[in-house]
Asks: 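Questions regarding the structure given below will be posed in turn.
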Amino acid sequence: GLTFSADGIDLSVDGRIDTAAADLSGRLALADLARLDPRVTGAANGTFRFSGALDALGLEARLELPSGTAMGKPIEKLAIDARLAELTTRPGGTIALSGSVAGKAAAGQATLRSEADGTRVLDGLDLAVGSATARGSTALGGNGLVRGQIAVKAGNLADLSPLVLMDLAGGLDANVTLDAANGLQTVAVEGTGSRIRVGENAVGRAEIEANIVDPAGAMRVTGRAVLADVAAGGRRIERATLTATGNGGTTDVTLDTTVEGARINAAANLSSAEANRLRLTALDIRRGGTEVTLAGPAAFTFANGGVAIDALSLRTGQGRANVSGRAGETLDLTVELTSLPLSLAALANPTLDLDGALSGRARITGLASRPEGNYELSIPRLTNGQIARAGLGPFAIRASGRLGNGRATIDATIDAPSVSGLTVRGSVPVGAGNLDVAIAGTIDLAIANTALATSGSRLAGRAAIDARIGGTAAAPSISGNARIA
């Protein structure tokens, strides 16, 4: 027989499999699963035995974790047993789960059988781990289409956390029905959820009802999903309603949502003939007095791990932003900004109070991890309430630079009533690396008088600054001098 031992793993195999007979058995022992994943502890054991012959191959197998932990929860006598026959021709048999997870019973069973026409049937699925259950049956036809129904319920998804090695919470009640009407795969989903949490992301309430036709081909979707009190990626989505309407060879999709006080409405179209192409027909984003709309239809084509963007044009007031090209692992993007109001920043953060307009152009190519290209930006008149009250602005800013070799160069000038010939030149890393930026120019010291007014003090004169910024963005170092006259 064959034996193998290394770093807490022991494997032994003995026997043979050929056309005449099969008698092959083996044993696997893992001293501690923590060697594979620190979230899991305990020794695991596995055994298997093939029998019969190559054209009528049987298998008995068992994988067990007698005692251990997962995500800090106890696992006791957890085992999966399989008894299968005719694996190479018409597979069938039983699969069973037993044991306890986090002090709650884990039990399950299912029967596999093959019919004469080649259909594979998974029957009597009955899986329960604590309050979480999955029950139903499915049949995979020789044409690759699936029929059946699966019902999934969970009083508390946290019961599954130790098995999926992820923090879960909340309640779920869903039904999935699969059919093969008219030779096409169909999937019907109905479900509700409450107080669902997956890691750091959460959904207060969720409802979905959808019918999907030909999901792996010319997909068409009809249905509706409603979400409320969503926290994802550090953002809060107060509500979101997504509606899809299948119409012949197309699916029309609408989105109505509120994200941190910003109201967003969008409409798009998916063509079944071009399943990877999305045509955005409407977009409206509003918060307070700020609004962004889609200037005209735009198309997005998803392929090869990236997206091709065709004619995306956004407008707000007299401003406009145009984006075209391709984004993904490789970049080929052109971005043009014309008089784009800086007040748009309030859409992302309502505490920002910026007044001015941004114009510029950027051409970006190369790998996303090491982009190349160039840019030009200008803000003729940057100010806000605080800047105006302090008498610091408005500021006129112009900047240009290039991207390459993992860095972005900067060549900027800043002018204002209180600033004369201030320049910012050098380069910054795109990713990890050190800053290398020089700042030089003259500042009127009177800009501090607003802050000093309560003390009765005043400053006069000008300061010539010659400084350099190095180090990293997380820990910058500043050196240089200032001469006051």
Side-chain angles (χ1 to χ4, degrees), residues 235 259-266 280 282-298 309-325 327 331 333-364 371 373-403 408-426 428 430 437 439-444 447 450:
R235 296 284 182 179
V259 181
E260 295 189 345
R263 181 74 178 268
I264 302 173
N265 289 279
L280 185 64
L283 176 65
D284 186 275
I285 306 173
R286 299 170 183 255
R287 172 181 266 162
T290 304
E291 180 181 9
V292 178
T293 60
L294 187 68
I309 304 169
D310 183 19
L312 176 60
S313 181
L314 304 175
R315 66 186 176 198
T316 174
Q318 300 299 313
R320 186 173 294 233
N322 298 321
V323 181
S324 61
L331 305 172
L333 288 171
T334 299
V335 180
E336 296 178 343
L337 309 176
T338 304
S339 300
L340 204 64
L342 297 179
S343 58
L344 287 177
L347 289 174
N349 186 345
T351 63
L352 294 176
D353 172 27
L354 297 177
D355 186 14
L358 170 66
S359 296
R361 188 178 190 276
R363 182 80 176 96
I364 306 173
N374 56 75
Y375 67 92
E376 295 180 0
L377 302 171
S378 68
I379 305 175
R381 187 180 175 87
L382 168 64
T383 188
N384 65 10
Q386 186 175 0
I387 291 174
R389 287 190 297 272
L392 302 179
F395 293 92
I397 302 172
R398 297 185 66 86
S400 62
R402 299 189 62 83
L403 288 81
T409 65
I410 304 170
D411 187 354
T413 61
I414 304 173
D415 288 297
S418 55
V419 175
S420 177
L422 188 65
T423 62
V424 180
R425 295 189 173 100
V428 298
V430 179
V437 178
I439 301 175
T442 303
I443 298 176
D444 190 338
I447 63 174
T450 300

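Numbers here are sequence positions counted from 1.
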Asks: Show which side-chain atoms of residues 315-323 pair as donor or acceptor with protein atoms under 3.5 Å away, not counting sequence neighbours.
Replies:
| residue | atom | partner | partner atom | Å |
| --- | --- | --- | --- | --- |
| T316 | OG1 | E291 | O | 2.6 |
| R320 | NH1 | S313 | OG | 3.3 |
| N322 | OD1 | S313 | OG | 2.6 |

Asks: Around atom CZ of R363, are there more than 12 heavy atoms of other residues, nucleotides or ligands at under 6.0 Å?
Replies: yes

Asks: Does the side chain of L377 reach to within under 4.5 Å of the side chain of L358, using non-hydrogen atoms?
Replies: yes

Asks: Just verifying a value: how many Å separate F395 CZ and T383 OG1, rounded to the nearest 0.5 Å?
Replies: 8.0 Å

Asks: Should L344 and V292 be marked as a side chain to side chain contact (heavy atoms under 4.5 Å, CB included) after you check the CA-CA gap, both sets of side-chain angles, and the distance that decides it?
Replies: CA-CA 8 Å; L344 287 177; V292 178; 3.2 Å; yes

Asks: Going by heavy atoms in the side chains, are V419 and D444 under 4.5 Å from each other?
Replies: no

Asks: Are the side chains of L294 and L314 in contact, using a 4.5 Å heavy-atom criterion?
Replies: yes

Asks: On a heavy-atom basis, which atom in T290 and which in S343 lie closest, and how many Å separate them?
Replies: OG1-O, 3.8 Å

Asks: Using the test side chain to side chain donor-acceptor pair (under 3.5 Å), find all partners of D284 that sit at least two apart in sequence or belong to another chain.
Replies: R286

Asks: Can you find a heavy atom in the side chain of L382 that is under 4.5 Å from one in the side chain of I397?
Replies: yes

Asks: Below 4.0 angstrom, N of the basic side chain to O of the carboxylate: do E376 and R361 qualify?
Replies: no

Asks: Could you tell me whether the side chain of I309 reaches within less than 4.5 Å of the side chain of S324, counting heavy atoms only?
Replies: no

Asks: Within a strict 4.5 Å, meaning less than it, do heavy atoms of the I443 and S418 side chains meet?
Replies: no

Asks: Between L403 and N374, does a side chain to side chain contact (heavy atoms under 4.5 Å, CB included) hold up when you go through it step by step?
Replies: CA-CA 6 Å; L403 288 81; N374 56 75; over 6 Å; no

Asks: Does the side chain of I364 come within less than 4.5 Å of Y375's, by heavy atoms?
Replies: no

Asks: Which heavy atom in A298 sits nearest to a heavy atom in L312, and how many Å separate them?
Replies: CB-CA, 3.7 Å

Asks: What pair of heavy atoms forms the shortest contact from L331 to P371, and how long is it?
Replies: CD1-CB, 4.1 Å

Asks: Assess whether side chain to side chain contact (heavy atoms under 4.5 Å, CB included) is satisfied between T423 and I439, documenting all intermediate values.
Replies: CA-CA 6 Å; T423 62; I439 301 175; over 6 Å; no

Asks: Show your reasoning for whether side chain to side chain contact (heavy atoms under 4.5 Å, CB included) applies to L342 and D355.
Replies: CA-CA 6 Å; L342 297 179; D355 186 14; over 6 Å; no

Asks: Under the rule for salt bridge (charged side-chain N to carboxylate O under 4.0 Å, His left out), what residues qualify as partners of D411, not counting sequence neighbours?
Replies: R425

Asks: May I ask you to test the L283-T293 pair for a side-chain heavy-atom distance under 4.5 Å?
Replies: no

Asks: S339 and S359: which non-hydrogen atoms are nearest, and at how many Å?
Replies: N-OG, 2.8 Å

Asks: Measure across A327 and L333 and return the closest heavy-atom pair with its distance rounded to 0.1 Å.
Replies: CB-CD1, 4.2 Å

